[in-house]
Structure formats: C-alpha cells, structure tokens
Amino acid sequence: MTTLPSFQTLFGRPPSVVADAPGRVNLIGEHTDYNGGFVLPAVIPQRTSVELSSRPDRRVVVWSANVEAAERLKEFELGSEAPTRTWIDYVQGVAVALQRRGHRIEGADLRVESRVPIGSGLSSSAALEVAVARAFRSACDLRLDDVELAMAGKWAENEFVGVPTGIMDQMAASLGESGTALFLDTRSMRYERVPIPRSVDLVIIDSGVRHHLVSGEYGVRRAQCEEACRRLGVVQLRDLSPADLGRVDALDEPLCRRARHVVTEDHRVLQAVAAMRANDPGQLGDLFYGSHASMRDDYEVSHPAVDCLVELASSDPDVYGARLTGGGFGGAAVMLARRGSGRDAADRIARRYRAESGETPTVLVPE
Ligand code: GLA
C-alpha cells in the first residue's frame with residue numbers, strides 16, 4: 001500500500017486548521033425530511049477530515065485522497081465558481097453558499113481525506129460539505145452556528161451540485177453526537193439528542209450495491225409527494241396523520257402508496273423515540289422492520305440486495321430489527337443487535353449474504 005502525501009508534502013507548509021465531520025446512519029424517518037417530517041439519524045465513527053492553510057490570493061486548491069490519482073488535485077477561484085460535475089463541486093458549492101450568506105472567505109489550500117464510504121447511503125457528501133464549512137469557519141473566523149452551517153451544506157448540495165435532498169444529512173453531520181440520535185423536526189428545525197439505548201449494538205452492513213441519488217428516482221419521489229399534497233389539499237405530507245390514511249388510500253396509484261409511506265414513517269419516528277426512551281429494543285426493532293417494508297413496498301426505494309440483508313437479519317437470533325438506511329436503491333442496512341453480540345451477528349449475516357447474493361458486503365459498524 002502506498003502512503004498518502006501529507007499536507008506538508010503537498011503544499012510545503014503545515015495546515016493551520018484541521019476540521020472534520022462524521023457520516024451518518026439514519027435510524028428511522030426515511031424520505032420524510034423533504035416532506036416537513038421527522039428524522040432520527042445518528043453519527044457513525046467514519047469521518048471526513050479537512051486540513052487547511054490560507055493562501056495570499058483568491059484561489060482554492062484542494063487535494064483529495066478519495067478519488068483516482070488523476071482526479072486528486074483540483075482548484076477554483078473564489079467568485080468564479082462553476083459546476084464541473086466532479087467532486088470539487090461540493091467544495092465549490094460550500095464556498096458559494098458561505099459567500100452568498102455574506103461571509104468573507106479567503107483563498108486556501110485544502111487536503112481532504114475521508115473514511116465515510118461513498119454511495120452507501122451514509123452521507124459522504126454531507127460529511128464533506130460540513131467538514132469544509134467547518135474548516136473555513138475556523139480559518140476565517142466566521143460567525144456561523146451549527147444549524148446555519150448545515151444549511152450552507154444543503155444549499156451546496158441542492159443548488160450547486162444539483163441533488164434535491166432534504167436537510168437531514170447536513171444536520172446530522174453538523175449537530176450529531178456519538179451515543180445519541182438526533183431527533184429532528186425538519187419543519188420547525190427543532191431538535192433533541194436522544195440517547196441510543198445501552199441494550200443494543202448498532203450494526204451497519206453495506207450491501208456492495210452502490211446507490212445513485214442523482215439518477216432521478218429521488219426527484220421522482222419528491223414530485224410524487226408534492227402531487228399527493230396538491231390532491232389532498234395540504235401544504236406538506238407532514239400535515240397528515242395516521243387518522244388521514246383513509247383519504248390517502250383513495251389517491252391514485254402510486255401516489256397513495258408514496259403518501260402512505262411518508263405518513264406512516266413520520267408516525268414510526270415518534271414511536272421509535274418513545275421506544276428508545278423506554279429502553280425497549282424489541283419495539284424499536286419492530287419499527288425498523290415496519291419502516292423497511294414500507295420503503296420496499298410503498299415507497300419502492302429498496303433493492304433486492306438490501307432486502308436480502310434485512311431478511312437474513314430477521315432470522316438472526318441476536319437481531320431486534322433491520323432496515324435499509326438512507327436514500328435507497330442500494331447502499332447499506334442498519335440493524336439493532338443485542339448488546340455485546342453486534343460483531344458476531346454482523347459477521348454471520350455478512351457471510352450468509354455473500355453466499356446468497358453473490359455481492360461483496362462490508363461490515364462498517366462495529367468497526
Ligand atoms: C438522502 C437525502 C436526505 C433524505 C434521505 C432519505 O440521504 O440526502 O435528505 O431525504 O435521502 O431519507
């Protein structure tokens with residue numbers, strides 16, 4: 001294995017700022033954030049780190065360890081950012097977002113290195129956006145709180161990179177703290193940190209099937225939710241509760257199923273928070289399975305490979321619950337295992353999954 005060059009080797013001086021941000025796993029509350037609903041993400045141990053040192057000019061030169069050799073070094077000029085459809089757009093997007101919000105940032109050299117897997121539904125892009133924004137915040141003494149910082153990351157993702165996501169990922173990367181989940185109301189932006197019960201080990205297994213949010217299905221789901229709102233005469237699906245499911249079911253296909261997922265999922269988040277507070281892993285696990293079935297059958301964002309992982313988890317004696325996490329169409333499954341048995345359960349499930357699906361799984365948590 002070749003060792004990666006240090007900041008000193010790349011830029012001839014040490015960095016003046018080191019910042020980082022974690023990837024996230026969503027415990028429950030999927031495709032609810034752009035509907036004004038509830039989410040419950042938690043940070044994962046894998047993080048993206050950014051080292052930075054200011055430059056005397058307006059150039060931003062960025063080196064990334066996580067792309068092919070020929071793609072590693074990119075640069076742009078502050079004030080002349082333009083989308084390139086490559087990874088540097090996340091950095092450019094954050095720079096534009098900060099400047100549009102009235103923050104003065106300076107040219108800089110940056111070195112990026114990430115351990116958050118790309119395309120697994122664990123928000124590598126939000127980790128990068130938040131880590132870059134944090135690096136500029138320290139280097140340029142920006143008056144920017146953690147929520148505004150998350151908003152700048154979301155702006156970069158939506159308006160500059162062009163992926164129409166909600167706010168969950170950036171909020172999780174910016175405000176998440178290990179050992180807790182971030183219970184966020186994406187309408188009011190009120191949040192609370194809820195301790196993850198000590199009776200469980202979180203397990204995350206990557207299916208080996210990459211997801212692509214840019215590929216359009218995410219936007220199609222969003223548009224279907226908006227259409228369902230128009231037909232039901234509500235501003236956001238958040239305005240509906242399980243008592244409205246009769247009206248929801250009367251919509252045409254597939255709008256009825258799309259809206260049903262969002263309405264039931266919002267409710268499951270509230271129940272999951274209650275189950276966490278009551279330290280009831282069995283109930284929390286059942287909600288995970290319910291969420292997965294809803295994503296698979298009603299929202300249709302799962303993938304047979306992830307269904308297989310969840311199926312195998314459901315027959316494991318040490319697992320309380322499992323579900324697809326993140327945007328979907330591949331990526332990872334999150335599972336709740338009995339405390340102390342996460343490692344063994346993960347290895348068992350991964351082994352059986354490899355044999356059954358022919359895909360190559362990676363156990364991401366426990367590390
Ligand atoms: C992606 C988006 C989030 C959220 C999830 C689905 O991760 O970035 O905003 O919509 O999908 O819950």
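Sequential numbering from 1 along the given sequence is applied to the chain's residues. Quick caveat: nothing in here was measured; it's all calculated off a predicted structure. When a ligand or atom number is given, it counts from 1 through the structure's own listing order.
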Can you sort out which atoms of ligand 1 are near [X], meaning under 4.0 Å from one of its heavy atoms?
X	answer
R24	7 (O)
H31	6 (C), 12 (O)
G166	9 (O)
D33	3 (C), 4 (C), 9 (O), 10 (O)
T165	2 (C), 8 (O), 9 (O)

* **Partner set under salt bridge (Lys or Arg N to Asp or Glu O under 4.0 Å) for R101, not counting sequence neighbours** => none

State whether the shortest distance between N or O atoms of [X] and N or O atoms of ligand 1 falls below 3.5 angstrom.
X	result
N26	no
Y34	no
S123	no
T32	no

* Residue pair F329 / H303: nearest heavy atoms and the distance that separates them -> C-CB, 4.0 Å

* Are the side chains of L40 and M276 in touch, meaning some heavy atoms are under 4.5 Å apart? -> yes

* Asked: When clusters are formed by joining ILVMFWY residues with side-chain heavy atoms under 4.5 Å apart, either directly or through shared neighbours, do V132 and F160 land in the same one?
  -> no

* Asked: Ignoring hydrogens and geometry, is there a side-chain-to-backbone donor-acceptor pair from R210 to I118 under 3.5 Å?
  -> yes

* Non-neighbouring partners of R190 that pass side chain to side chain donor-acceptor pair (under 3.5 Å), sequence neighbours left out -> none

* To do: Answer with yes or no whether Q170 contacts ligand 1, where contact means a heavy atom under 4.0 Å from a ligand atom.
  => no

* Single hit among H31, R260, R257, H261 for side chain to side chain contact (heavy atoms under 4.5 Å, CB included) with S294 -> H261

* So among S207, S302, S291, which one has a side chain to side chain contact (heavy atoms under 4.5 Å, CB included) with L324? -> S302

* **Best match, E157, M168, K154, R222: closest heavy atom to atom 5 (C) of ligand 1** => M168

